Peer 1: 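One structure coming up, written as structure tokens, with questions to follow.
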Amino acid sequence: MKNFLRRVVNTDFLPMNEVRKIKVVLVMTFLLIVTAATIGFAFYFDYTNAVKIAVMAVFLFGSGLIYLLIRFNRIMAAIHVTIIYTIALTMFYTQGTDSFYAYLFFYISLTVIVFYQELYIFLSYGTLVLGYGIFYIMFHEANLIAPTDILGSVYAYVVLLVLFYLIFLFQSMNNEKLYTDLNLEWVKLNQVIGSYQDFTLFHLEEIRKKSKGVPFYEDRAFRKAVDELSVFVCEQLKDRGKEITNVLDLYIYIHERGLAKIIENEELSVSTKKIANRLDKYLLNRRTDMVSILMNFFTRFRSTDGYRPNRYEYHLGRLAPSTAEQVIALAFVYRYLANEPTAFDHYGQPDKIMSHEEICQLFAAPEMDEFLSDGQIAFFKENADLFRDHLGRKG
Amino acid sequence: MKREPARVFPEIEEYREMLEIKHLRAKNHFVLLLLALGGILTILYMAITHYQLAYTLSLAVAFSALILLNLACLAYGRENIRFNQLNKFVTTLGVFSVAVAMIFIFQSPSMLSLLFIAYAIAAFYQDRKVMLISNVSLLFMFLALMTNFRDFFKVENTSAENDFGLYFFVIIFISLLTISQYIMIKQKGFFYNQIAISRETEFRNIDFMIDMCEKATGSKIDTKGYFAAAEAFSKALSEKIGVDDAFAGKLAVLKDLEAGTKYERIIEKHPEVAADDLDRMSELLFTGRHKLRKVAIKMSRARAVDVHRREIFSETQFKTFNHPSDTLEIKIIAFAIFYAALKRGSAGMRPLSEAEIYDAIVHTDYYFYNDPAVMRIYRENNAVFDAIVKDAFAPEGGK
């Protein structure tokens, strides 16, 4: 419980699938509270006792189903069941009593649906609830209007419910677009960071070879440390910890044989191959998730320039406001691209230098929006020969 | 007392805030649209039903004032971002005030939903302080109206059960709205956080790459060659456009900056530049870890990026040791490898101390990269972890 609350408070640190899980657990808790209250309210409902008991049994079954789906990590299915459960509660209330509070269930249902922040879920279930809400208002107006109510108050109910739906629809659409844009930017950034890390890893290997160091996975002390740490943690969480050493042996074996050979090996069981496949992202002999996380973590402890507001600014126009400075900056950038290695060559060495034509193509690419203004690109095109002749490749 | 998790890189806070404000403007446009729609519908209804002119005009003025305020804040927000923030607080209070005014004017149970509409409009901002204002306003106004103006909401089928149900479900509804808003605000924060962390990670990874490249190859940028080429280019360009060498002065200043000459000396030599100019121009240096080199490196990678739509929301993009598809054993091994690798260090990566690792793992975002159970074990037994690794790495330990 304490751990769950800690995760709720720190939702902004958790990935989407974890947040979905938290949402379903919260909605399930909410539904359990409402269902418990429903036992009391059901005494006033117009149904026969048999119907009341049958419906409560169905709700109980629904709660059990949601619990099982969460337990077995079927989160999307659990989301659908919680929404159907909420709509069923709405119908149970609105068909069972003439009281005004039953009308609130349309707002409650829409709030539960929008909580999940999935546009297609809101469009399908949300529209269904809205349609049912309008039907309810039109056909049960006696439950909703006051003895001396305003003219057309039934339509006010409809308009306000539609507005509530529309506001959350706009919000869902806006969030969907925002999250897609941010995700795209994030994925692109991660790919670019990966390309830097490929270079860094290459150089780190060169440095290791020069200093005659052994790789992590061949270092017996490292293997011993990992082995003992794993057994220790496993023993704290399970009855026996020694079994984990089999998984660890497999992990080392993948480094020696390679995943492809393990998958092809007919003597190994399917479950072993599955585990090998999952371990692949944590290998230490190429740029895997493990290596990326290690590098990123390590950069935290390296010295860095003090923070300035333009720390993440890479646009020449904003780094150099004057035209003369922009021209000089563009000249240096061209010189760098035309003379320094910036990619891996055909032999897997980080020695590839861009040709003048490649630089021209690069400067004309839409990705350059982040670095150059239209004016700077036009200037480069007009004077491309000067750039090539004076700043091009040495020798 | 347990510390709140901090950002893995303290530098990102300002950038996160900037990202929030950038998207706040788009939300302001939506709110403006909703206010205009609400205002038109209300005035239209009052005109059709021949409501008293005084009421119609007062609501028209209230809606107009809110819309004008939004427009003004949007305009001034371009100059000073604080206006965008001011706007969300004033609009939140404004929509609740208009909702209450309408409840008093119409005195109909149908108008109770106006409080929910006001809440929904304010929820657009997805801001923690706005959420607090909305919650307090909604709860206070509901209770105040139900207690003192119960007649407004009396429908034909009034009963004790109805009264209790209304209180109970409105409170339940407000709780649900609060939890929902809280999680949505946090969820949005996750994306801003990830972008900001990636920006800083990129910045530091470029530095790391440059340093390792220089360490591995022993080669540095040929500064003299760069300046000689730039001077030749500058002369040729000046000739082409028919002016005196327009860039010589700037290049001379840059050359001094690149040589590490003190600001005072440079200003003495080039009286036309001030310290602020030198600060700005130092962004145009290209050796070591300087900015222009980073620009060129980043530029060279720009076209190598190829993202497919299906990859965007893929969980595999999130690098973590807590993948839902992994078994507990895999999660344990992943953390053990990570921890032991940090302790061991390697060429170019110094071994980290227990205090450094513990602080970064337990008190920052990295805590959530791991399975909660594994993290609990580490948090409670970090001294044991330290001892195990020290023992293994002791001169005779690896045998």
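What's counted below: heavy atoms across the whole structure, side chains too, no hydrogens, waters or symmetry copies. The sequence lines fix the lettering, A, B, ..., with proteins before strands; numbering per chain opens at 1. Since we're looking at a predicted model, the values are computed, not measured.
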Peer 1: Side chain, backbone, both or neither: which part of A/N383 has a heavy atom under 4.5 Å from chain B?
Peer 2: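 Both backbone and side chain of A/N383 come within 4.5 Å of chain B.
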Peer 1: Between B/L33, B/I195, B/L284, which has the largest tally of heavy atom pairs under 4.5 Å with chain A?
Peer 2: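 If we count pairs closer than 4.5 Å to chain A, B/I195 comes out on top.
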Peer 1: Does any heavy atom of chain A fall under 4.5 Å from the side chain of B/I377, the backbone, both, or neither of them?
Peer 2: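 Only the side chain of B/I377 comes within 4.5 Å of chain A.
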Peer 1: Would you indicate whether A/K188, at its atom NZ, is surrounded by more than 12 heavy atoms from other residues, nucleotides or ligands within a distance under 6.0 Å?
Peer 2: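 Check fails, neighbour count at 12 or below.
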Peer 1: Could you tell me which portion of B/Y339 (side chain, backbone, both or neither) has an atom closer than 4.5 angstrom to a non-hydrogen atom of chain A?
Peer 2: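 Just its side chain gets close to chain A.
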Peer 1: In this structure, are over 12 heavy atoms from other groups packed under 6.0 Å from A/Y307 atom OH?
Peer 2: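 Count over threshold, so yes.
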Peer 1: Count the heavy-atom pairs under 4.5 Å between each of A/V19, A/L204, A/D389, A/L279 and chain B, then report the option with the highest count.
Peer 2: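 Result: the option with the highest number of such pairs is A/L204.
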Peer 1: Among B/A232, B/S175, B/A26, who wins on heavy-atom pairs under 4.5 Å with chain A?
Peer 2: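 If we count pairs closer than 4.5 Å to chain A, B/A232 comes out on top.
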Peer 1: Taking B/R376, B/K343, B/Q194 one by one, which has the highest count of heavy-atom pairs under 4.5 Å against chain A?
Peer 2: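 Maximum pair count with chain A is reached by B/Q194.
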Peer 1: Checking B/E200 against A/R300 for the salt bridge (Lys or Arg N to Asp or Glu O under 4.0 Å) test, could you report, in this order, the C-alpha distance in whole Å, the side-chain angles of both residues, the deciding distance, and whether it holds?
Peer 2: CA-CA 10 Å; B/E200 180 64 21; A/R300 182 183 152 89; over 6 Å; no
Peer 1: Classify the ring geometry of B/F116 against A/F164: parallel below 30°, tilted from 30° to 60°, perpendicular beyond 60°.
Peer 2: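 Plane angle over 60°, so perpendicular.
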Peer 1: Please identify, among A/A37, A/S303, A/P350, A/S322, the residue contributing the most non-hydrogen atom pairs under 4.5 Å to chain B.
Peer 2: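 Greatest number of close heavy-atom pairs with chain B: A/S303.
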Peer 1: Among B/L37, B/D207, B/D211, which has the most heavy-atom pairs under 4.5 Å with chain A?
Peer 2: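 Among B/L37, B/D207, B/D211, the one with the most close pairs to chain A is B/D211.
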Peer 1: Quick one: which of A/Y107, A/F30, A/F41 gives a ring pair (Phe, Tyr, Trp, His ring centres under 6.0 Å) with B/F169?
Peer 2: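 Option passing the ring pair (Phe, Tyr, Trp, His ring centres under 6.0 Å) with B/F169: A/F41.
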Peer 1: Non-hydrogen atoms of chain B under 4.5 Å away: do they reach the side chain of A/D227, the backbone, both or neither?
Peer 2: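 Contact with chain B: none, neither part.
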Peer 1: Which one of A/L161, A/V112, A/I33, A/N296 has the most heavy-atom pairs closer than 4.5 Å to chain B?
Peer 2: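 Heavy-atom pair counts peak at A/N296.
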Peer 1: Given a strict heavy-atom distance threshold of 4.5 Å, which part of B/V384 is in contact with chain A: side chain, backbone, both, or neither?
Peer 2: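 Just the side chain, heavy atoms under 4.5 Å.
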Peer 1: Given heavy-atom pairs under 4.5 angstrom as the criterion, report whether the side chain, backbone, both or neither of B/F30 touches chain A.
Peer 2: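 The side chain, not the backbone.
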Peer 1: Measure distances from B/E283 to the heavy atoms of chain A and classify the residue's part below 4.5 Å as side chain, backbone, both or neither.
Peer 2: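 The side chain, not the backbone.
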Peer 1: Tell me whether A/R208 contacts the main-chain N or O of A/G213 through its side chain, where contact means a donor paired with an acceptor under 3.5 Å.
Peer 2: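 Present.
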Peer 1: Just how far is it from atom CG of A/L178 to atom CZ of B/F191, taken to the nearest 0.5 Å?
Peer 2: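 The CZ atom of B/F191 is 8.0 Å from CG of A/L178, to the nearest 0.5 Å.
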Peer 1: At a heavy-atom distance under 4.5 Å, which candidate from A/F105, A/F301, A/F297 has the highest pair count against chain B?
Peer 2: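 Heavy-atom pairs under 4.5 Å are most numerous for A/F297.
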Peer 1: State, to 0.1 Å, how close A/P309 and B/E14 come at their nearest heavy-atom pair, and which atoms those are.
Peer 2: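 Result for this residue pair: CB-OE2, 4.1 Å.
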Peer 1: Heavy-atom cut-off 4.5 Å, strictly under: side chain, backbone, both or neither for B/L251 against chain A?
Peer 2: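 Both parts, heavy atoms under 4.5 Å.
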Peer 1: Is the distance between the ring centroids of B/F321 and B/F335 under 6.0 Å?
Peer 2: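 Not under 6.0 Å, so no.
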Peer 1: Against chain B, label A/I207 side chain, backbone, both or neither, depending on which of its atoms sit under 4.5 Å from a heavy atom there.
Peer 2: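 Backbone plus side chain of A/I207, per the 4.5 Å heavy-atom cut-off to chain B.
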Peer 1: For this output row, return yes or no: ring centroids of B/F164 and A/Y101 closer than 6.0 angstrom.
Peer 2: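 Aromatic pair excluded; centres sit 6.0 Å or further apart.
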Peer 1: Can you say whether A/L201 sits under 4.5 Å from chain B via the side chain, the backbone, both, or neither, judging by heavy atoms?
Peer 2: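 Neither part.
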Peer 1: With a 4.5 angstrom heavy-atom cut-off, which part of A/V159 approaches chain B: side chain, backbone, both or neither?
Peer 2: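 Side chain only.
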Peer 1: A/I293 versus chain B, heavy atoms under 4.5 Å apart: side chain, backbone, both or neither?
Peer 2: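 For A/I293, the contact with chain B is made by backbone and side chain together.
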Peer 1: Shorter than 4.5 Å, heavy atoms on both sides: which option in A/E367, A/R223, A/M354 has the most such pairs with chain B?
Peer 2: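 Answer, by heavy-atom pair count under 4.5 Å with chain B: A/E367.
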Peer 1: Tell me, out of B/S325, B/G249, B/G189, B/S234, who's got the most heavy-atom pairs with chain A below 4.5 Å.
Peer 2: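 Most pairs with chain A among the choices: B/S325.
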Peer 1: Would you say A/Y44 has more than 12 foreign heavy atoms packed within less than 6.0 Å of its OH?
Peer 2: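 No - once you tally the heavy atoms of other residues, nucleotides and ligands closer than 6.0 Å, there are 12 at most.
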Peer 1: Who wins among A/F232, A/F199, A/F363 for the most heavy-atom pairs under 4.5 Å with chain B?
Peer 2: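 Ranked by contacts with chain B, first place is A/F232.
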Peer 1: Does any heavy atom of chain A fall under 4.5 Å from the side chain of B/Q126, the backbone, both, or neither of them?
Peer 2: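 Contact with chain A involves the side chain of B/Q126 alone.
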Peer 1: Looking at B/K294, B/R289, B/K215, which one has more heavy-atom pairs under 4.5 Å with chain A than the rest?
Peer 2: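 Heavy-atom pairs under 4.5 Å are most numerous for B/R289.
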Peer 1: Does the separation of the ring centres of B/F208 and A/F298 fall below 6.0 angstrom?
Peer 2: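 Aromatic pair counts; centres sit under 6.0 Å.
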Peer 1: Need one label for B/R344: side chain, backbone, both or neither, based on atoms under 4.5 Å from any heavy atom in chain A.
Peer 2: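 Contact with chain A: side chain only.
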Peer 1: Given heavy-atom pairs under 4.5 angstrom as the criterion, report whether the side chain, backbone, both or neither of B/Y366 touches chain A.
Peer 2: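 When you check distances to chain A, only side chain atoms of B/Y366 fall under 4.5 Å.
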Peer 1: Please classify the contact between A/K21 and chain B as side chain, backbone, both or neither, with a heavy-atom cut-off of under 4.5 Å.
Peer 2: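 Contact with chain B is absent: no heavy atom of A/K21 under 4.5 Å.
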Peer 1: Would B/R301 and A/Y196 count as a cation-pi pair here, with the cationic atom under 6.0 angstrom from the ring centre and within 45° of the axis?
Peer 2: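 Output no; distance or angle outside limits.
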Peer 1: Counting only non-hydrogen atoms closer than 4.5 Å, does A/L319 touch chain B with its backbone (N, CA, C, O), its side chain (CB onward), both, or neither?
Peer 2: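 A/L319 touches chain B through backbone and side-chain heavy atoms alike.
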Peer 1: Would you please indicate yes or no on a ring centroid separation below 6.0 angstrom for A/Y251 and A/Y282?
Peer 2: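 Not close enough - the centres of the two rings lie 6.0 Å or further apart.
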Peer 1: I'd like to know if the side chain of B/K319 reaches the main chain of A/M290, judged simply by a donor and an acceptor atom lying under 3.5 Å from each other, with no hydrogens or angles considered.
Peer 2: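 Not confirmed, B/K319 side chain does not pair with A/M290 backbone.
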Peer 1: Please tell me whether B/Y45 and B/F106 form a close aromatic pair, meaning their ring centres lie under 6.0 Å apart.
Peer 2: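 When the ring centroids of B/Y45 and B/F106 are compared, they turn out to be within the sub-6.0 Å range.
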Peer 1: Looking at B/F286, is B/R293 sitting on its ring face, NZ or CZ under 6.0 Å from the six-membered ring centre and within 45 degrees of the normal?
Peer 2: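 Ring-cation test returns no.
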Peer 1: Examine whether an atom of A/L160 lies under 4.5 Å from a heavy atom of chain B, and if so say whether it belongs to the side chain, the backbone or both; otherwise answer neither.
Peer 2: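 Contact with chain B: backbone and side chain both.
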Peer 1: Check whether NZ of the Lys or CZ of the Arg B/K291 lies under 6.0 Å from the centre of the six-membered ring of A/Y314 and within 45 degrees of that ring's axis.
Peer 2: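 The answer is yes; both the distance and angle limits are met.
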Peer 1: Answer with side chain, backbone, both or neither: which region of B/L34 has an atom nearer than 4.5 Å to a non-hydrogen atom of chain A?
Peer 2: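 Just the side chain, heavy atoms under 4.5 Å.
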